[in-house]
Protein chains: 2
Amino acid sequence: MPTLSDVAQRAGVTTATVSNVIRGKGSVGPATAERVRAIIADIGYRPNLTARALAEGRAPTLALLVSSIANPFYPEFARAAEQAARREGHFLLVCHTETDADIGLAYLDRVSSGLSEGVLAMAGNLRPQDLVAVADRGVPVVLVMWEQTREALPMHSLTVDFHTAGRLAAEHLLALGHRSIGLVSAKTAEGCLVHVQRHCGFLATLAEAGVSLPDTSIEYDRDTIGGGFRAALDLLSRANGLTAVFATNDLLAIGAMQAAAALGRRVPQDLSVMGVTDIELAAQMRPALTTVAIGTVAVAESSIRLLLDKIRLGSVHNEQYSTPPPVLIRRGSTAPPPR
Amino acid sequence: MPTLSDVAQRAGVTTATVSNVIRGKGSVGPATAERVRAIIADIGYRPNLTARALAEGRAPTLALLVSSIANPFYPEFARAAEQAARREGHFLLVCHTETDADIGLAYLDRVSSGLSEGVLAMAGNLRPQDLVAVADRGVPVVLVMWEQTREALPMHSLTVDFHTAGRLAAEHLLALGHRSIGLVSAKTAEGCLVHVQRHCGFLATLAEAGVSLPDTSIEYDRDTIGGGFRAALDLLSRANGLTAVFATNDLLAIGAMQAAAALGRRVPQDLSVMGVTDIELAAQMRPALTTVAIGTVAVAESSIRLLLDKIRLGSVHNEQYSTPPPVLIRRGSTAPPPR
DNA sequence: TTGTAAGCGTTATCAT
DNA sequence: ATGATAACGCTTACAA
């Protein structure tokens, strides 16, 4: 591959001049510029981005750490983030940490040591101390959508008001007239709640309305369609007269709809089902899934802006990077209870 | 951020020695090694990967170019590819070219100029001449799953036998006794067939069995659930006595199942539906989707191996990197025709 | 075992 | 308008 100085030699100038014509900086005579450009095209020269990154002290890349890409929410987020990043002239390195905190650390380590200019951490399995270590090293880090309650980390973060999301779901179901409601939620292998805030927001709102949920109306499983299927199957098999099921995630809700079908219960006539997030699949189900949208695209864009501003401006004020309020999306999977 | 020479100074040695202890190369006295390690830990030194890449002449990254991540197949492929790459000590830079060939070119340009050591091109929208230009520049490029018929490009590629996939689907449907079959396929905006080979394999096999498909039994739309829904709705509304629908993709097939439901036709009792690919969602549908699996994970792993070998060995023989033969996955969405 | 020093391909600061 | 040349942070012969 030809280098800058190959071009310079052929053009009878120095690398500085060639560099200038390439980036439109400094001042070069129109004649030389033309000659240089011709040679570049002729020998097919392309700047080496690694060398440029080293010289400039920064790479045109941002890293996004996500845990499992198996959840369709992540691709949707990543896509929006990538488009936003690209608009700002940056690559987005998507790193899948799976469920292993050590893989996460390995990525964090490499990514924060020159491969990227900043880190967007969405993977819930990252260890706080690892994140802090990286941030302390001067690497811009932004946390996105960390729902689990944990010690407040000393770095910028963008959070979604999931508590309100849970509340909106409860209000919708209550308004339709449901009083006997099941809850399908997700727990990790270690038993910790994955969707705490929506979970709590939902229960709190029901309680305010005088509706209480017995433990037998709550079921946990993995945050997948299959998990929702199993959980809802258990719930609905208990003959507890449930007229509605709220799942803390769309994936779980889709599984719940399938469980209803498997038991011969029609949605929404016999049973209402709703979720949270509004992934693309939600609108494509039959019936289409009623859900609470959290504004995935807007959140992704804000998080990129926040990270980029943090990189360019150093410290920034968190307040300008707000997240849209959750909004109820009424579709076909909810209706008044039967009778 | 501390650098190699910061460490060297504090340890009273030179950068060469520090570099050696870090990479376990050369030979350093156990005492110095220990001292250096302590200092590294103490000041939190992390090697700058950009500088290392420049010095070594290669980056520990591979790039994967995909068109639209909206199709759940891509995340599944990317995930498998990433895991394979990671096992080999490489990052995988996932680049979404969307549908724009110019975005694809921009990525190709940057990625092939130092940001990555090789390119895995899956995006069907990449211009052949752009690919050739990059390959000519000496960048290892591997093509994966290019189904559309196009001029054979002078570079390694890994193809899946989609023709057989189409054949398997036809054989399955014929064996069940179906004779009146509909075909749902995908076309781009410019009208060119996206899934040519499966399409042809399917039709050829039907023809051999003496079953012909009138044009009115074929419908095209975008390669999405919604597209499959629309196409199948049109097809089924024509009252042409169809007992089965073959979709050239699982996404389309899922849409077709929903269309059947919308028309009150039960799957598989009234109508059989099947697809191709075996995306994760296929097994999660109710009924679960019968499909032809193409071995996504195996293909992803082979493509990474092929690319890595090409990088390490220079030229390689294509034959060792085969793709598994497509296999029929019988599930609940197909059954003998009614009556 | 350790040090010296020449790259790697850019950018950027001075001179000229 | 152009040229020298010193960074950037690391690797890697080769020398000591």
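Proximity of a side-chain donor or acceptor of B/E76 to a complementary backbone N or O of B/E280 within less than 3.5 Å is detected. With hydrogens and angles disregarded, no donor-acceptor distance shorter than 3.5 Å links the side chain of B/S113 to the backbone of A/R46.
Side-chain contact, B/E301 with B/Q83: no donor N or O sits under 3.5 Å from an acceptor N or O. For the residue pair A/S157 / A/T159, no side-chain donor-acceptor distance below 3.5 Å is found, with atom types taken as modelled.
At the phosphate of D/dA4, neither OP1 nor OP2 sits under 4.0 Å from any side-chain N or O atom of A/T14. Regarding contacts with the backbone of C/dT11, a side-chain N or O of A/R23 is found under 4.0 angstrom from either OP1 or OP2. Close to C/dT2, at under 4.0 Å from its OP1 or OP2, lies no side-chain N or O of B/T17. Close to D/dC10, at under 4.0 Å from its OP1 or OP2, lies no side-chain N or O of B/T15. Considering only side-chain N and O atoms, A/T3 lies nowhere under 4.0 angstrom from the phosphate OP1 or OP2 of C/dG9.
The distance from atom OH of A/Y45 to atom C1' of C/dG9 is 7 Å, rounded to the nearest whole Å. Computed from coordinates, the A/K25 NZ to C/dT11 C1' distance equals 9 Å when rounded to whole Å. In this structure, the CG atom of A/L4 is 15 Å from the C1' atom of D/dA4, given to the nearest Å. Nucleotide C/dG3 holds its P atom 11 Å from the CG atom of B/N20, rounded to whole Å. Taking atom CD of A/E56 as the reference point, atom P of D/dG9 lies 14 Å away to the nearest angstrom. If you measure from atom CG of A/N48 to atom P of C/dG7, you get 18 Å, rounded to the nearest angstrom. One interatomic measurement links the two molecules: CZ of A/R35 to P of D/dA1, which rounds to 14 Å at whole-angstrom precision. In this structure, CE of A/M1 is placed 14 Å from C1' of C/dT10, rounded to the nearest angstrom.
The residue B/T32 sits close only to the backbone: its heavy atoms come under 4.0 Å of sugar-phosphate atoms, none of a base. Here A/S27 lies in heavy-atom contact (under 4.0 Å) with a base. Using a 4.0 Å heavy-atom distance criterion, A/R46 is classed as a sugar-phosphate-only contact. Among the heavy atoms of the strands, none lies under 4.0 Å from B/G57.
For the pair A/L307/A/P140, a side-chain contact is recorded, criterion being any heavy-atom separation below 4.5 Å from C-beta on.
Between B/V28 and A/A55, the residue anchored nearer the 5' end of DNA chain C, judged by the nucleotide with its closest heavy atom, is B/V28.
Here the nucleotide nearest the side chain of B/A51, chosen from D/dT11, D/dC10, C/dT11, is D/dC10.
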